[in-house]
Amino acid sequence: MSYEPKRADFSVPVRINLYSDTQTKPSPGMKQAMMEAEVGDEQTGSDPTVWELCDRTAALLGKEAAMFMPSGTMCNQVAVATHCRRGDEILAHEKAHIQAAEAGGPGAISGVLIRGLPGERGIFTADTLRAAIRTPSRYAPPQTLLEVEQTANNGGGACWQVAELKAVADIAHAHGMRVHMDGSRLLNAAVKLGVPASEIVADIDTVWLDFTKGLGAPLGAVLAGPAAFIGEAWRWKQRLGGSMRQGGMNAAACIYALQHNIDRLADDHANAAALARGMAQIPGITVETPETNLVFFDTTGTGLTAAEFAARLRPEGVSVSVSDVYRGRTCTHLDVDAAQIEEAVAIMRRVVG
Ligand SMILES: *Cc1c(COP(=O)(O)O)cnc(C)c1O
């Protein structure tokens, strides 16, 4: 079995990329910022631009300290490794990214178990969490970490409300657990809810932002939390090969994203709503009403699988992603505009007809 990604068909350009907000290209302004970045050696603490990114992100999230990482996946793995010991149990939604899409990292790297909690749209209730708390005993795995995902990717980009987060965090803390947020799309939630990110994560111990999603940077994520936690986490960053050198070039792109690409996430949410309305009118397609920039749909009524639907769109220059036999995902971001959304819907209507 080869796990290498299939080489893309470069002969048919993607004109309207609804596959993922990870596929945005750095804008001219962002590239300019990268070229002009002052750099040093990140892993010896001498890259001023990486420090600036960490300081800005820590301030944005209201946390003491932060560290720059190559990816969100590494933020999750380093956080789990730092928070937990072998044999510990993490509580997370059963469809969370950390559970389903990180190659078993928590088990392979940290030797921890994940207990998956059910819940609508990627969000579980305080009651569900309470029911999963074990009475400490010599038999039970120690439950040391609660993990929440904001927004919930597989939940259709749904947002945890601040009160819902506080409720589950309070329960976790009362049982001696720490709370970690996969904040891959936290800023989408902040824009959608109209609440500062720092307020959303006020009850969360550690949290990271992905700069390669809606923020549009080519590489990087930043993990934030208490200074003592970040201090310890650095050994795991080093151990996993996540320490960088002239990281400032990438950090400059992330700083540019913080300065230019947060407020505009509202456009992505408006485009997602328009896309959902348009797709819902295509015979045979049903759509999960989006909250942010992710639009999941079901192709059952068209007689096509999601993969067949995607395959018919691709030669037309439209790219969408497939999540299950009949379930697919479209995603809006800074490289698709309202006119392209309209065009994509027209193409979809044609290919299922
Ligand atoms: C993309 C994503 C990740 C992983 O981030 P990478 O930067 O791709 O490693 C983790 N969690 C969620 C919810 C994501 O959407």
Side-chain angles (χ1 to χ4, degrees), residues 8 13-37 39 49-50 52-54 56-57 59-61 66 68-75 97 149-151 153 157 159 182-192 196-197 207-224 244 246-275 290-295 317-321 329-341 344:
V14 175
R15 284 185 307 111
I16 306 177
N17 192 327
L18 303 175
Y19 185 92
S20 177
D21 48 8
T22 54
Q23 298 197 350
T24 56
K25 305 278 167 71
S27 65
M30 184 177 275
K31 284 182 181 166
Q32 190 67 31
M34 294 175 80
M35 285 198 295
E36 289 167 5
V39 298
T49 309
V50 172
E52 183 185 342
L53 172 64
C54 292
R56 282 177 183 263
T57 308
L60 179 71
L61 300 176
F68 190 37
M69 301 277 244
S71 71
T73 300
M74 197 179 277
C75 288
H97 195 280
E149 197 174 291
Q150 177 79 306
T151 65
N153 182 340
C159 301
D182 171 340
S184 187
R185 296 187 180 81
L186 166 60
L187 296 179
N188 288 86
V191 167
K192 170 70 187 193
V207 52
W208 58 271
L209 290 185
D210 210 331
F211 285 86
T212 66
K213 303 282 163 84
L215 292 176
L219 180 149
V222 173
L223 173 63
M244 292 176 274
Q246 284 70 54
M249 293 198 74
N250 286 294
C254 300
I255 293 169
Y256 181 92
L258 290 178
Q259 291 168 328
H260 297 92
N261 294 346
I262 299 179
D263 292 343
R264 62 150 309 286
L265 291 170
D267 301 344
D268 298 345
H269 301 166
N271 285 337
L275 178 59
E291 285 184 39
T292 49
N293 71 326
L294 305 178
V295 184
V318 177
S319 177
V320 303
S321 89
R329 194 190 80 174
T330 50
C331 176
T332 58
H333 49 73
L334 79 183
D335 287 352
V336 273
D337 62 23
Q340 290 176 307
I341 295 294

Ignoring hydrogens and angles, tell me if any N or O in the side chain of [X] forms a donor-acceptor pair with the backbone of [Y] under 3.5 Å.
X: Ser20; Y: Gln23; result: no
X: Thr330; Y: Val295; result: yes
X: Glu291; Y: Cys159; result: yes

Distance in Å, [X] [atom1] paired with [Y] [atom2], rounded so as to fall on 0.5 Å steps:
X: Ser184; Y: Gln150; atom1: OG; atom2: CD; result: 11.0 Å
X: Lys213; Y: Leu265; atom1: NZ; atom2: CG; result: 13.0 Å
X: Leu275; Y: Ile341; atom1: CG; atom2: CD1; result: 4.5 Å
X: Asp21; Y: Thr212; atom1: CG; atom2: OG1; result: 8.0 Å
X: Ile255; Y: Glu52; atom1: CD1; atom2: CD; result: 3.5 Å
X: Met69; Y: Leu209; atom1: CE; atom2: CG; result: 13.0 Å

Identify the two heavy atoms, one from [X] and one from [Y], that lie closest to each other, and give their separation to 0.1 Å.
X: Ala197; Y: Leu187; value: CB-CD2, 3.9 Å
X: Phe211; Y: Ala221; value: CD1-CA, 4.0 Å
X: Val50; Y: Gly248; value: CG2-N, 3.6 Å
X: His97; Y: Glu149; value: N-OE1, 2.7 Å
X: Leu294; Y: Cys331; value: CD2-SG, 3.6 Å
X: Gly220; Y: Asp210; value: O-OD1, 3.3 Å

Does any part of the side chain of [Y], heavy atoms only, come nearer than 4.5 Å to the side chain of [X], both counted from C-beta?
X: Val336; Y: Leu18; value: yes
X: Met244; Y: Asn250; value: no
X: Pro26; Y: Tyr256; value: no
X: Leu61; Y: Val222; value: no

**Request:** In sequence, state the C-alpha distance, the side-chain angles, and the governing distance for Asn17 and Asp335, and then conclude on side chain to side chain donor-acceptor pair (under 3.5 Å).
**Result:** CA-CA 8 Å; Asn17 192 327; Asp335 287 352; over 6 Å; no
**Request:** For Asn153, check side chain to side chain donor-acceptor pair (under 3.5 Å) against everything at least two apart and list the hits.
**Result:**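 Side chain to side chain donor-acceptor pair (under 3.5 Å) list for Asn153, sorted by chain: Arg329.
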**Asked** Can Lys192 and Thr292 be counted as having a side-chain donor-acceptor contact under 3.5 angstrom?
**Response**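 Checked: Lys192/Thr292 side chains show no N/O donor-acceptor pair below 3.5 Å.
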**Request:** Write out all pairs satisfying side chain to side chain donor-acceptor pair (under 3.5 Å) with one or both partners inside residues 264-275, taking only residues at least two apart or from two chains.
**Result:**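 Every side chain to side chain donor-acceptor pair (under 3.5 Å) pair that includes a residue of residues 264-275, provided the two are not neighbours, is Asn188-His269, Arg264-Asp268.
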**Message:** Using side-chain contact (heavy atoms from CB on, under 4.5 Å), reason through Met30 and His260 one step at a time and then give a plain yes or no.
**Reply:** CA-CA 9 Å; Met30 184 177 275; His260 297 92; over 6 Å; no
**Message:** Show, in sequence, the C-alpha distance, side-chain angles and deciding distance for Trp208 and Asp182, and conclude whether the side-chain contact (heavy atoms from CB on, under 4.5 Å) test is met.
**Reply:** CA-CA 6 Å; Trp208 58 271; Asp182 171 340; 3.0 Å; yes
